[in-house]
Amino acid sequence: MGRQGFRLRNCFGGRPGSKGDAGAVWIAAATLDRYLQSVGKPQIYGTQFLTPAGKPPTQDPYDRALIGDALRHDLGVPKIANQRTSWTG
């Protein structure tokens, strides 16, 4: 999916979330992270894992300081401390 597709999914994902669909809110956070990665910027929610060849999975680049755990909770995104354990490979 190209950058335009990530932006569109982010926009549409937020609309159902405003109507109480928690899954759509998470989709909006995940597509924003994916979009940021596609333009060479750090993700901000930590929803994306990359597996470089011959290396362990990583969330980097990731700006862990920008979004607090309270907002992560509201968006259905795990706390930073729980994110590595939530990845199931």
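Scope of the values below: all heavy atoms of this structure, side chains included, with no hydrogens, waters or symmetry mates. The model shown is predicted, which means the values in this text are computed figures rather than measured ones. We number each residue from 1, following the sequence as shown.
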May I have all residue pairs that pass salt bridge (Lys or Arg N to Asp or Glu O under 4.0 Å) and include part of residues 38-54, sequence neighbours excluded? none

Rounded distance [0.5 Å steps], CG in Leu75 versus CD1 in Ile27: 12.0 Å

Which atom names give the shortest non-hydrogen contact between Leu66 and Ile44, and what distance separates them? CD2-CG2, 3.4 Å

Does the side chain of Pro52 come within less than 4.5 Å of Thr58's, by heavy atoms? yes

Under the salt bridge (Lys or Arg N to Asp or Glu O under 4.0 Å) rule, what pairs show up with a residue in residues 48-61, not counting sequence neighbours? Asp60-Arg64

Report yes or no: does Asp33 contribute a side-chain atom to a donor-acceptor pair with the main-chain N or O of Gln43 at less than 3.5 Å? no

Mind checking side chain to side chain contact (heavy atoms under 4.5 Å, CB included) for Pro42 and listing every partner two or more places apart, or none if nothing turns up? Pro61, Asp63

Please identify each residue that fulfils salt bridge (charged side-chain N to carboxylate O under 4.0 Å, His left out) with Asp74, with sequence neighbours left out. none

State whether a side-chain donor-acceptor pair under 3.5 Å links Tyr62 with Gln83. yes

Output for pair (Gln48 CD, Leu50 CG), nearest 0.5 Å, gives 7.5 Å

Side chain of Arg72, backbone of Tyr45: donor and acceptor closer than 3.5 Å? yes

Taking every non-hydrogen atom, the tightest pair across Thr47 and Ala30: OG1-CA, 3.3 Å

